[in-house]
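In listed order, ligands and their atoms are each counted from 1.
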Amino acid sequence: METATALDASVVVPEEERALPSRRETYAELVRRLSHQSVVKHFDAYADIDWDAAECQIDPADPRWELGVDDALGATSWYRAQPPEVRARIGLHLIATFMKTGLQFESILKRGLLGFAFDLPNGVPEYRYVYHEVIEEAQHGLMFQEFVNRTGLDIPGLGRLDRFLSHAVIGFARVFPDLFFFFVLGGEDPIDHVQRTALRSGREIHPLLRRIMQIHVTEEARHLCFARHFLRRNVPRLDPFRRLALSVLTPLILAVMAQRMMRPSAQIVRQYDIPDTVIDEAYGTNPRHREKTLAALAKVRELCQELGLLTAVSTPVWRVAGIWSA
Ligand SMILES: [Fe+2]
Ligand SMILES: [Fe+2]
């Protein structure tokens, strides 16, 4: 089990931003290093979180769940006019919903990774790494579901269309892994960005949520690092047709993923009777929300630029998807 200090250090400096052991580290060496880190620095959802500790109990009226004014919905006058218990409950409901969406996204991810590993030849280092990642994501699935259960809120998770589309995504992991790994970044990058921002914000965070986020960002750093390096190595080798398909489909995937990860679900809107005008004020026409969404997607966008995927054909798709910034 990691000490709190070691965890905080890794939260501040993501894995891939730390100095590489050697400037000339090859792709295979990087994958082996990530696998080794999975052995020496990993977490168990039950051994490493003290779920029954007094400080980890969840009270839906706890003011620490309240959204701050830096949150899109939290900044609206409608939200600020709600009684304190309702403000706290909405905050907790949002967190539980993001965890449920997160664990379902990670379930799709795990099934895709297993499909990807299924076809790998003997002896390649990706096989071991991918299995480590599946194991870590399984721990995250346990951790997120346990949190959701302990909130007492019945969160429905992804809608029917998303569930149906998830089968296509899982299939892509075998036939078009490059697109699959952009889907992975589209889900993991925004979650990671939001969690790191929260941990760095200095706001008081409920100890259970803080522990979950610390564990998550520590392990996600490896997953993000692998996905980026896989794409850096493989996208330049794609034929022109696949390259075009990747450049056009990626912004569509990113826009949908960011929406799922950063906006309240239909259940929340219904249950708390949030007026359409408030949703529009918070998410539709709010330049600060747009800025936040673009910031969450900034790293993956930079990667697209680096790989030459922002072209005259694909740029209009980014614009239509509402995730383009000049
Ligand atoms: Fe995860
Ligand atoms: Fe992950």
Minimum heavy-atom distance between A72 and H289, given as atom pair plus value: CB-ND1, 4.0 Å
Check against side-chain contact (heavy atoms from CB on, under 4.5 Å), E146 and L142: CA-CA 6 Å; E146 185 65 34; L142 287 171; over 6 Å; no
Parallel, tilted or perpendicular: ring planes of F230 versus F181, cut at 30 and 60 degrees: tilted
Angle subtended at the Fe ion (ligand 1) by NE2 of H216 and ND1 of H140, nearest 10°: 90°
Member of R128, H132, E136, H223 meeting the side-chain hydrogen bond (donor to acceptor under 3.5 Å, both in side chains) criterion with S38: E136
Atom name in E188, limited to N/O/S, at shortest distance from the Fe ion (ligand 2): OE2
Three-point angle E106:OE2, the Fe ion (ligand 1), E220:OE2, rounded to the nearest 10°: 120°
Angle subtended at the Fe ion (ligand 2) by OE2 of E137 and ND1 of H223, nearest 10°: 100°
